Amino acid sequence: ADKKTLTKFSSGFTLEMDDFEADGVISRYDSESWNVYFDSPSQIAGVELDFKDDDVTASYKGLAFSVPQAALPSKALILEFIEAVEDVEENDDIKGSKNDGKVEVNGETDGEPYCISFNEDGSLAEFRMENMAGSITFREFTDVVQTTVTTTTIPVLSVTTVETGESET
């Protein structure tokens, strides 16, 4: 796998755990700086999770809040994925095996085994953690990371007062 593809990227994903499934976009901006946007299911659609160093913040349309209960299993699997990618990216000696046209890299986070699969072009294909009965499948992988900047313009209200003099007759 070409580690260069892990430095910065965006990819669509489908996350599956037991009977739960979520879709969205995951982006890596830099080492330990990630963003996950959920498109579905409806309970978490529009929710963004920002991972910076060891902090995780959740937001919806710019409003920050604690991570929703429905997103907690996803957050746990995504944290394991982030840790695995950070480990692979920092490792100079990546060893993988070919399987069905993909390169599989096996490792451990917190003593639990994982498998990251890469397509032949070095893009992410899948992340699996058996102990969590979960997987993340990637699509539309790109090393061009788009950031969204929202600008809100608040008009300034200008009030001019004019004193008028009235004469009494």
Side-chain angles (χ1 to χ4, degrees), residues 1-90 94 96 100-105 107 109 112 114-152:
D2 181 2
K3 288 190 344 178
K4 184 174 69 180
T5 62
L6 293 178
T7 306
K8 292 182 182 183
F9 67 85
S10 282
S11 177
F13 72 86
T14 299
L15 180 148
E16 296 177 82
M17 293 182 74
D18 298 321
D19 59 353
F20 178 80
E21 186 174 306
D23 288 300
V25 176
I26 186 167
S27 300
R28 182 180 194 223
Y29 301 117
D30 204 348
S31 178
E32 297 189 35
S33 180
W34 298 72
N35 175 272
V36 176
Y37 178 85
F38 291 98
D39 292 320
S40 69
S42 60
Q43 304 96 308
I44 59 173
V47 170
E48 285 190 68
L49 299 179
D50 286 301
F51 299 83
K52 182 70 177 151
D53 301 318
D54 293 328
D55 296 325
V56 181
T57 57
S59 63
Y60 179 76
K61 295 186 178 183
L63 180 64
F65 55 90
S66 60
V67 177
Q69 192 73 27
L72 289 177
S74 303
K75 174 191 158 201
L77 184 60
I78 291 166
L79 278 170
E80 296 295 341
F81 166 71
I82 288 172
E83 188 173 325
V85 168
E86 298 287 345
D87 288 347
V88 167
E89 207 250 336
E90 290 173 8
I94 301 173
D100 292 332
K102 295 183 175 34
V103 176
E104 293 184 344
V105 176
T109 64
E112 298 296 337
Y114 68 79
C115 178
I116 299 179
S117 299
F118 295 89
N119 295 311
E120 288 181 2
D121 65 0
S123 63
L124 283 167
E126 184 181 32
F127 173 76
R128 288 188 317 274
M129 268 194 103
E130 298 304 324
N131 71 314
M132 297 181 87
S135 68
I136 304 172
T137 307
F138 301 93
R139 62 186 178 282
E140 300 160 11
F141 186 93
T142 177
D143 58 2
V144 177
V145 179
Q146 304 252 341
T147 55
T148 305
V149 177
T150 305
T151 304
T152 304

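Here the structure is a predicted model, which is why all the values come from computation and not from measurement.
Summarising the geometry, atom CG belonging to Asp23 is positioned 7.0 Å from atom CG belonging to Asp39; distances are rounded to the nearest 0.5 Å. Distance check, rounded to the nearest 0.5 Å: CG of Asn35 to CG of Leu49 gives 8.0 Å. Annotation: the span from Ile82 atom CD1 to Ser33 atom OG amounts to 9.5 Å, rounded to 0.5 Å. Between the CD1 atom of Ile136 and the OG atom of Ser117 there is a distance of 12.0 Å, given to the nearest 0.5 Å. Leu77 CG to Tyr114 OH: the interatomic distance, rounded to the nearest 0.5 Å, is 13.0 Å. Between Ser27 atom OG and Phe51 atom CZ the span is 12.0 Å, to the nearest 0.5 Å.
The closest side-chain heavy-atom distance from Arg139 to Thr14 is below 4.5 Å. At a threshold of 4.5 Å between non-hydrogen side-chain atoms, the residues Phe13 and Leu124 do not count as touching. At least one side-chain heavy atom of Glu89 sits less than 4.5 Å from a side-chain heavy atom of Arg28. No side-chain heavy atom of Glu126 sits under 4.5 Å from any side-chain heavy atom of Ile116. Contact check for Phe81 versus Trp34: side-chain heavy atoms found under the 4.5 Å cut-off.
The two atoms that bring Ala22 and Ile44 nearest to each other are CB-CD1, 4.3 Å, heavy atoms only. Tyr37 and Gly46 make their closest contact through OH-CA, 3.5 Å (heavy atoms, listed as atom of the first residue, atom of the second, distance). Here the shortest heavy-atom pairing between Tyr60 and Ala45 reads CE1-O, 3.4 Å. Nearest heavy-atom pair, Thr109 versus Ala84, reported as atom, atom and distance to 0.1 Å: CG2-N, 3.9 Å.
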**Asked** Can Met17 and Leu15 be said to form a side-chain contact (heavy atoms from CB on, under 4.5 Å), step by step?
**Response** CA-CA 7 Å; Met17 293 182 74; Leu15 180 148; 3.9 Å; yes
**Phe65/Val47 under side-chain contact (heavy atoms from CB on, under 4.5 Å): CA gap, chis, key distance, verdict** = CA-CA 10 Å; Phe65 55 90; Val47 170; 4.2 Å; yes
**Request:** Under the side-chain contact (heavy atoms from CB on, under 4.5 Å) rule, what do Val56 and Leu79 come out as? Steps first, then yes or no, please.
**Result:** CA-CA 9 Å; Val56 181; Leu79 278 170; 4.2 Å; yes
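Within 6.0 Å of atom CG in Asp100, 12 or fewer heavy atoms from other residues, nucleotides or ligands are found, so the atom counts as exposed in its surroundings. The environment of Glu120 atom CD is sparse: at most 12 non-hydrogen atoms of other residues, nucleotides or ligands sit within 6.0 angstrom.
Asp121 contributes a side-chain N or O that, together with a main-chain N or O of Ser123, makes up a donor-acceptor pair within less than 3.5 Å. Judged by distance alone, the side chain of Glu86 and the main-chain N or O of Glu32 form a donor-acceptor pair under 3.5 Å.
Of the candidates Met132, Glu130, Met129, Glu112 forms a side chain to side chain contact (heavy atoms under 4.5 Å, CB included) with just one, namely Met129.
Proximity of the aromatic rings of Phe9 and Phe138 is defined here by a centroid distance below 6.0 angstrom, and this criterion is not met.
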